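First comes the structure, then the notes that go with it.
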There are 2 protein chains.
Amino acid sequence: MLHEKGVEQTTLADIARAADVPVGNVYYYFKTKNELVEAAITAHADNLQAMIGALDELPTPQDRLKALLNSWIDQRELTARYGCPTGSLASELDKRADGLDEAVARVMRDLVDWAAQQFQEMGRDDSRELAVALIAAYQGISLLTNTFREPELMAAEGRRLERWIESLA
Amino acid sequence: MLHEKGVEQTTLADIARAADVPVGNVYYYFKTKNELVEAAITAHADNLQAMIGALDELPTPQDRLKALLNSWIDQRELTARYGCPTGSLASELDKRADGLDEAVARVMRDLVDWAAQQFQEMGRDDSRELAVALIAAYQGISLLTNTFREPELMAAEGRRLERWIESLA
DNA sequence: GTCTATATTTAGATAGAC
DNA sequence: GTCTATCTAAATATAGAC
């Protein structure tokens with residue numbers, strides 16, 4: 001729900017209704033709304049870690065990066081509707097005074113670090129810059145895909161990034 | 001203020017205080033908060049149009065695109081603090097039920113269209129895809145620059161995109 | 001056109017029975 | 001652990017004097 005409507009627009013009443021419990025009940029599990037959001041970020045981080053773990057099974061860094069691209073393309077319909085979960089969270093939480101933005105920043109950094117490691121294994125000494133460029137390309141095309149509601153933008157950019165990765169070898 | 005704190009987090013009280021007028025006064029100029037936000041989007045769109053108009057004075061499409069990159073780099077400190085105004089607006093307004101997201105989409109589309117025109121003048125038949133990739137790269141690096149609060153990310157990506165544009169000729 | 005005061009609504013949060 | 005009822009605070013919006 002936080003992905004679909006954002007943190008601000010999602011009320012505890014929304015969450016309670018989705019969980020089919022009365023509103024007051026939510027406070028038995030989370031003392032504040034911020035605590036609930038924090039738990040959601042942690043859950044999202046765990047999902048990403050699991051995904052990265054699966055990618056690490058692949059033999060070469062090129063395979064792993066291309067598999068990441070394909071997972072992005074597979075998610076294009078969802079992205080067109082709601083954007084990238086990590087990116088829209090980062091964008092929204094940055095505007096708030098609470099410290100939740102740091103939790104999202106860590107998630108984003110983990111992803112960049114993982115990508116940098118792949119480029120390094122490909123023998124690139126500009127691995128960090130390439131990783132930032134790759135994740136930025138994904139975040140940006142997610143935003144455009146969402147803004148224009150055109151899933152095919154993600155697919156086209158994914159194919160372009162694939163050619164780019166191949167050209168780096 | 002909408003850029004700094006976002007639409008949701010900026011209250012009419014904030015705006016009234018910044019304008020040094022009482023809260024009720026704002027309603028003399030804008031019937032609703034949404035109307036005020038719409039006016040801000042229009043003003044932002046006008047700013048971008050003026051900027052594009054200035055770029056159009058430059059002789060070649062390469063010059064114009066590189067000048068755009070440099071303006072992004074010049075804004076890196078602001079971007080690190082608050083992100084790209086257009087991008088963070090697009091991300092936030094997408095989550096809301098009102099129709100304001102379409103106004104931002106138009107702003108974003110104008111920018112993509114302008115970039116596509118430059119690539120077309122460079123003789124590229126994939127001008128649309130390149131334009132989407134360029135604006136996506138900017139939106140993405142804006143998000144990362146903001147999330148990590150590292151202005152230098154924008155500078156490095158700007159230089160990388162400059163080399164990329166030169167390689168397309 | 002500007003101001004004060006206030007109405008309305010909604011969301012986050014709490015109290016206490018069961 | 002679950003539920004109903006309620007409190008509180010804040011933000012949008014309005015009324016009406018000046």
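In what follows, chains carry the letters A, B, and so on, assigned in the order in which the sequence lines appear, proteins first and then strands, with residues in each chain numbered from 1. Given the structure is predicted, the values throughout are model-derived calculations rather than measurements.
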Under-3.5 Å N/O pairs linking protein and nucleotides 10-14 of chain D:
residue	atom	partner	partner atom	Å
D/dT12	OP1	B/K33	NZ	2.9
D/dT12	OP2	B/L12	N	3.0
D/dA13	OP2	B/K33	N	2.8

* Do NZ/NE/NH1/NH2 and the carboxylate oxygens of B/E129 and A/R163 come within less than 4.0 Å? -> yes

* Asked: Listed by chain and number, what are the salt bridge (Lys or Arg N to Asp or Glu O under 4.0 Å) partners of B/E77, not counting sequence neighbours?
  -> none

* **Pairs where residues 125-152 of chain B contributes a residue and the test ring-ring contact (aromatic ring centres under 6.0 Å, His included) is met, not counting sequence neighbours** => B/W72-B/Y138

My understanding is that only residues two or more places apart in sequence, or in another chain, count here; which of them pass side chain to side chain contact (heavy atoms under 4.5 Å, CB included) with [X]?
{"X": "A/Y82", "answer": "A/H3, A/E4, A/L78, B/K95"}
{"X": "A/V21", "answer": "A/A16, A/A19, A/N25"}
{"X": "B/A80", "answer": "B/T145, B/P151"}
{"X": "B/I73", "answer": "B/N70, B/R76, B/A155"}

* Which value, rounded to the nearest 0.5 Å, describes the distance between B/I135 atom CD1 and A/T147 atom OG1? -> 12.0 Å

* Structure fact -> Taken to the nearest 0.5 Å, the spacing of A/L144 CG from A/Q139 CD works out to 11.5 Å

* Asked: From the 5' end of DNA chain C to its 3' end, which nucleotides mark the outer limits of contact with chain A, defined by a 4.0 Å heavy-atom distance cut-off (strictly under)?
  -> C/dA11 to C/dT14

* Residues that B/E166 engages under side chain to side chain donor-acceptor pair (under 3.5 Å), provided they are two or more places apart -> B/K66

* Between the first and last five pairs of the helix from C/dG1-D/dC18 to C/dC18-D/dG1, the angle of the axes, rounded to 10 degrees -> 10°

* What pairs meet the side chain to side chain donor-acceptor pair (under 3.5 Å) rule with one or both residues in residues 43-63 of chain A, with sequence neighbours excluded? -> A/H44-A/T86, A/D56-A/W114, A/T60-A/D63

* To do: Residues of residues 89-103 of chain A with any non-hydrogen atom less than 4.0 angstrom from an atom of DNA chain C: list those, numerically ordered, please.
  => none

* What is the nucleic acid contact for A/F30, judged by heavy atoms within less than 4.0 Å: base, sugar-phosphate only, or nothing? -> nothing

* 4.5 Å side-chain heavy-atom contact, A/R64 and A/E121 -> yes

